[in-house]
Every structure is written in structure tokens, then in C-alpha cells.
Amino acid sequence: MTKKMKTGDIAIRVNDVDKSFKVYFDKANTLKERLLFLGRNGHENREVLSDISLTIKKGETVALIGVNGSGKSTLLKLMTKIIYPDKGTIETYGKLVSLLELGAGFHPDFSGRENIYFNASIFGLSKKEIDDRIDDIIAFSELKDYIDNPVRTYSSGMYMRLAFSIAINVDADILLIDEILAVGDQHFQDRCYEKMMDLKRQGKTMVFVTHSMDAVRKYCDRAVWIYQGRIKKDGPTNEVVDEYLKMCS
Amino acid sequence: MNIFKRLHDYREFLRTSIKKEIRGKYKKSFLGILWSFLNPLLMLMVYAIIFPIILKSPEKNYVMFLMVALIPWNFFTTAITQGTGTVIVNGGILKKVYFPREILPISIVTSALINFLISCIIVFVFLIFTGIGFSIYFVFFPLIVLIEYIFLLGIVFILSSITVYLRDLEHIIGVIIMVLFYGTPIVYSLNTIPSNLLWIFKLNPMAYIVQGYRDILYYQTMPDVSGLFFIFVLSLILLIVGYHIFNKLQKNFAEEL
């Protein structure tokens, strides 16, 4: 079915992707060590993902589920181009924002406002685009007057709220979200979900990695179960989650 | 080519990185960006006091003779030493978010360029004060700056990416820079070199560049145009090759760091 789909409808296409990491026993980083241990450079390749093929349509909300270490986060990292596959291709269509690590690149000495500019620019926004959004970002973060204080004075909750507000306001076509639903208190979490549902209605594509099956059932149209680096089951949320929970118990 | 499109998309990030590089250098210091003026000024004053005492140079104005070469040399060393480590220093953010990795070396070399141009203001002021002044050959100044910038960008692309895999490079570079300092006509003039040793300078691109600055600013003569053109072409090749090396190696940055 994936072959017949028009390119215009596709947000992410993953083709036969393999990925393995080098696991060094004792990493030889210096020239001396490299020369000394030439030929017995101790590493093994650990396969993290193999034969992954996945097509995600525009506007879909997809959950990646699976036990720890099954390769979900690696797959998300591949989609953001932080790392590259050993084999196969990954294509993404449209502006992509990953909420893998919130607040990456925050500079503790700069104020919240300055960090909005810096962090949003990492997502590829121009100054004007940030100017247009800054009020929304500050309002969503509920930081109010604290926004002009240095970020190092923030509590961890405030820090995450600011980071999340920036990422969610970037206006991306595709959002990759890795276990960030532990952001802030109940009130803020509710607003995060609300905002994400809002984005979903606007036709944004979202890929979640989460262990909260309640959230998966509630918000996702489709679930992909990854088991030991391979796709075990891919289909409507409830079917996949039921089977996954059966195996876990 | 899509590198230009990528850089255009991320121009705000490039701009803030350069700004952070310049401002971050003097962050929390009392005088801030003024240090970019003060550093060369104080250096000049120290030399002006010391050299007339310890060194009898045939040069009329040894301090200016030295400064017009030393300031471009400092541009070279700052860009190279900071550029070599830039990918490693930014490892944390590199592992977390995607952005065009080229921005890291580009922002280092560009912020070094801006610092260099600020220092040049001091040099120009003193050129006027000491009565040396400017000549028509000053028109070559932007061209030589451009050549040095392209040359550095090419080298930094190569060094910053290879250092990720071979950390010793940072230390090796320190030694090479020290040797190169004496292999470049900075503290001495090319005229004092025995002619059977001149071939060494023909192999050193920085010798052409530094001599170029000295010709137009201090001696106020025509620079070695064919030599500089040769370095310009070499720098362009270096930039293209360097970018390809960087691009090939950057795919594994997140895993190696």
C-alpha cells in the first residue's frame, strides 16, 4: 500500500533502515593508543535497528511503543538527522522539529527572553519569525515577569516550560516528541496536550515515543510496536497496544 | 547548491552564534568588547617600549613593521586554535538538536575576522599617528583579508572535523603554529633571509598573506599579486576540499562525541 501513495501525502518515509552503534570496550582516542592497539581496536557493532520500513502520512499521530532499549529513540534521532543510518534512507517532507531534548543550547547567563531567540534560531527561525511569536511563547510558558531573569535562576519546572513553549510554537509540520509529557505540573501538562490536539487539528504530523499507554490510546491514531530493533506490529492504536500489554504482563 | 539554502534558512542561528562567540569571549569581564581594542593597543605599547631597547633593527619604525604583520597572524592563530576544538566544545548541543553543522566552523572564523577588523582600527590609527599614513595600495587590503578568510575557513573545516576522531590534533596544531610563527616573516623581514633559504617561504601560504599586508600597509608598495592570486586559488580549492571532508565526517559526529 505504501508504494501507491502519492509523495504529496507523505510526511516521513523510512526505507529499509539498518543502524548499529560501535560499542568500544576501551575507546582508543589518541594517536598513541591507536598505534599501540592497531589491529585490536576493541569494538563490536551492536545492531539497534534493522529492516525498518515505515511510512507516516501527513496529519497522522503515531506512537512508537516498546520496552526500554528497543530502539525507539534511535529511530527518532534518525528522523531528525542527528545520526545517519548505515543502510537505507529516511526522507522527511516539511519543517521538522524534535522535542527530544528540551532546552538544548540554553545559555544559563542569558535571560529567558534572550534564550528564546537563541533556542528558536536553532530550530531555523529567522529574527522576524521569532519576533512574531515571542508573545505567544511567553504567554504559553506562564513565566510572566521571570522572562527577563537569567535562566540559571529558574526552577527545573520553569526551565522545561520555557523550552516546551518555544518548541511547540515553532510552527513545524512534523513534531517528534520523546517522553516529554512529564513536563511541569498537571495544569501545564493538560495545556500541553490541549496544544498538541490543536496542532493535530491543524493537520500537523506527530510522532510520539512514550510509555504511557493511556496517552497513546487517547491521542494517537496509530501505534508502531518496536521489539528488539524490528517492527513487531504496526496498526490501529488499540489493537497494537492490547497485544503489547499482553506480552508485557 | 543546497548548503547555501541551508545557511540561509538558519541565518538567524548563524548570526546569534557569531554574536555569542564575540560577546561570550568577554562575558562577565568589566570592559567587555573594549578588550578587542585594548589587546592590540597594549601589545603595541609593550613592543614600543621594549624593542627600541633590546633590538637594533634596521627598520625605521620597527613597532609598526611588527604590528601590520602580527595582527593578521593573530587572526590566523585565533581562528585555527578555536576552530579546531569547536565541534568538540559544542558536542552537547550537537547530540541533541539538528542544525547545519557547518555553522560551527563558519561562526568561529567569522567572529575571528570581526575581532581582527576591530584590531585593525588600532593599527590604522597608529599608521596615521606615526606618519606612515596610507597609500593607493590600500585597495588591496579587502582582497588580502578575503583571501585569508577563505584560507582559514578551508583549514578550519578540515581540522574541526578530523579532531573529533583524533583528539591529539589540538596539541599538534599548537606546535605547528609555533614553528610556523618563525617560518613566517613577522618579527623579521624577508630581505634579511639568505637567498638559498627563500624556498621555505614559497611553501608557506601565510608568508604570502602576511607579506602582502606588510607591503601595502608598511612599505606601501605593490604586493606580490601573482603570489597572492596563487594563494587565492589554493584557498578556494582548500575550501571546497575542506567542506567535503567536513560534510563526510559530520555524519558520525553525534556518535563519536
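Only heavy atoms go into these numbers, but all of them, side chains included; no hydrogens, no water, no symmetry mates. Letters A, B, ... mirror the listed sequences (proteins, then strands); counts begin at 1.
- In this structure, OG in S98(A) is found 12.0 Å from NZ in K96(B), a value given to the nearest 0.5 Å.
- Residues of residues 123-131 of chain A having a heavy atom under 4.5 Å from any heavy atom of chain B, listed by number: F123(A), G124(A), L125(A), S126(A), K127(A), I130(A).
- The number of heavy atoms from other shown groups lying within 6.0 Å of CZ (F21(A)) is above 12.
- Summarising the geometry, atom CD belonging to E12(B) is positioned 8.5 Å from atom OH belonging to Y117(A); distances are rounded to the nearest 0.5 Å.
- Looking at K20(B), only its side chain comes within 4.5 Å of chain A, counting heavy atoms on both sides.
- The two residues A254(B) and I82(A) have their closest heavy-atom pair at CB-O, 3.5 Å.
- Rounded to the nearest 0.5 angstrom, I93(B) CD1 and H107(A) NE2 are separated by 10.5 Å.
- With a 4.5 angstrom heavy-atom cutoff, L14(B) does not touch chain A via any of its atoms.
- Of all heavy-atom pairs spanning F13(B) and I122(A), the tightest one is CE1-CG1, 3.3 Å.
- Y98(B) and T80(A) get closest at one heavy-atom pair: CB-O, 3.1 Å.
- What you find for K251(B) and Y84(A) is that their closest heavy atoms are O-CD1, 3.4 Å.
- Shown here is H8(B), whose NE2 atom has no more than 12 heavy atoms of other residues, nucleotides or ligands within 6.0 Å.
- Contact check on E255(B) versus K19(A) returns a salt bridge, with a Lys/Arg side-chain nitrogen under 4.0 Å from an Asp/Glu carboxylate oxygen.
- Annotation: K202(B), atom NZ; neighbour count of heavy atoms from other residues, nucleotides and ligands within 6.0 Å does not exceed 12.
- A 6.0 Å sphere centred on CZ of F138(B) holds more than 12 heavy atoms belonging to other residues, nucleotides or ligands.
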